[in-house]
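Throughout, a chain's letter reflects where its sequence line sits, starting with A, and its residues are numbered from 1.
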Number of protein chains: 2
Amino acid sequence: MENPRELFQIMTRRLGLLNKTCCSVDGCDLSVNQSHLLYEIDRSHNPSMQQVAETLGTDITTFSRQVQSLMKMNLVQKTPDPTDRRIYTLSLTPEGSRVTATIDQQMNEFLNEVFSNMSEFETETLLRSIKLFNEAMGKSSKCCKPVTG
Amino acid sequence: MENPRELFQIMTRRLGLLNKTCCSVDGCDLSVNQSHLLYEIDRSHNPSMQQVAETLGTDITTFSRQVQSLMKMNLVQKTPDPTDRRIYTLSLTPEGSRVTATIDQQMNEFLNEVFSNMSEFETETLLRSIKLFNEAMGKSSKCCKPVTG
DNA sequence: CTAAAAACTTGCAAAATGCAATTATAAGTT
DNA sequence: AACTTATAATTGCATTTTGCAAGTTTTTAG
């Protein structure tokens with residue numbers, strides 16, 4: 001288990017399993033992808049479809065349909081950009097905000113439950129380390145830019 | 001960004017993007033799922049189908065088909081268990097081993113590239129922290145056991 | 001020796017995906 | 001202004017992935 005990749009593989013698999021079970025709010029059943037989408041729309045300020053799709057590394061046509069189904073669920077809304085009418089701006093509906101906040105809370109509850117098996121010092125060290133790691137990934141040329149092919 | 005969930009969300013998204021682009025070996029194009037499958041078969045000692053499917057949190061019927069396609073690609077083989085003929089034992093073919101090792105190497109190269117943007121101390125701290133975190137998840141009742149519903 | 005359970009597979013229908021083509025708007029060129 | 005090119009988003013269609021229900025084969029229990 002000295003292999004860095006192994007550590008990350010196990011971790012992401014377990015986090016993935018968590019996600020699978022963690023996205024049901026108010027009878028609203030969300031897939032992992034949908035929760036990512038809500039998260040990202042919430043985080044950015046009135047992003048365009050392209051922007052979010054690229055951030056998530058999702059094909060724009062697939063993304064278009066994902067947005068459509070979230071609109072049907074009344075969680076997301078599309079607003080035409082006044083300065084460029086080709087562009088639609090995404091935002092959460094009030095219900096979407098509630099659902100997103102609830103998911104966030106559930107995830108944090110789960111994480112805290114896991115952290116209860118670690119010391120406070122270990123937890124803080126972990127969080128600080130991940131923050132650094134995320135920054136390092138941001139600097140990397142190989143990551144986060146959905147390089148096609 | 002003080003929110004633990006945010007840190008993990010960003011991290012897993014970026015690692016997920018990495019995975020998307022990282023699984024092409026010798027003309028063999030593998031999906032993320034398939035690489036997880038190879039990884040897990042490699043890691044366990046002659047596991048049964050059920051075992052791997054459960055570990056990965058995949059429905060057994062879906063898993064059965066995933067194995068079939070990896071067998072067609074000549075990366076995985078199924079061996080009937082001599083003591084219980086209902087059970088099939090999974091293992092990698094020589095080619096499967098090569099491919100799996102190559103993916104492992106590619107992933108580690110990527111990780112090292114990211115680590116080059118961190119100090120050696122920070123990297124070691126990160127890896128130690130993740131190890132602790134994985135252990136903590138293992139102790140958690142809410143995780144890693146694909147609880148249905 | 002029959003019934004129940006377990007491991008795995010297949011049928012089928014639903015959902016997700018991505019490329020190609022289309023619509024609508026914007027920007028650049030002559 | 002007229003025309004071409006580029007960009008944002010959607011739709012058609014075919015492929016792949018998924019999971020439940022049902023089936024086969026083998027093992028275990030009563």
Sugar-phosphate, base or nothing in reach of B:S31, heavy atoms under 4.0 Å: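 If one applies the 4.0 Å heavy-atom cut-off, B:S31 turns out to touch nothing in the nucleic acid.
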Terminal axis angle for the helix from C:dC1-D:dG30 to C:dT30-D:dA1, five pairs an end, nearest 10 degrees: 10°
hbond_proxy A:T61 side chain to C:dC19 base (donor-acceptor, 3.5 Å cutoff): yes
Could you state the [atom1]-[atom2] distance from [X] to [N], rounded to the nearest angstrom?
| X | N | atom1 | atom2 | value |
| --- | --- | --- | --- | --- |
| B:I87 | C:dA5 | CD1 | C1' | 13 Å |
| A:D84 | C:dA24 | CG | C1' | 11 Å |
| B:I60 | C:dT10 | CD1 | P | 13 Å |
| A:D59 | C:dA21 | CG | P | 15 Å |

Closest-nucleotide 5' rank along DNA chain C - winner of A:N33 and B:Q68: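 First, find each residue's nearest nucleotide; the 5'-ward one identifies B:Q68.
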Chi angles and distances behind the side-chain hydrogen bond (donor to acceptor under 3.5 Å, both in side chains) call for B:D59, B:T61: CA-CA 6 Å; B:D59 182 272; B:T61 70; 2.6 Å; yes
First-last contacting nucleotides on DNA chain D - partner chain A, under 4.0 angstrom, heavy atom: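 Nucleotide range in contact with chain A: D:dA6 to D:dC13.
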Among C:dC19, C:dC8, C:dG11, the nucleotide that comes nearest once only the side chain of B:R65 is considered: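 Ranking C:dC19, C:dC8, C:dG11 by closest atom to the B:R65 side chain puts C:dG11 first.
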B:S64 vs C:dT9: side-chain N/O to OP1/OP2 distance below 4.0 Å: yes
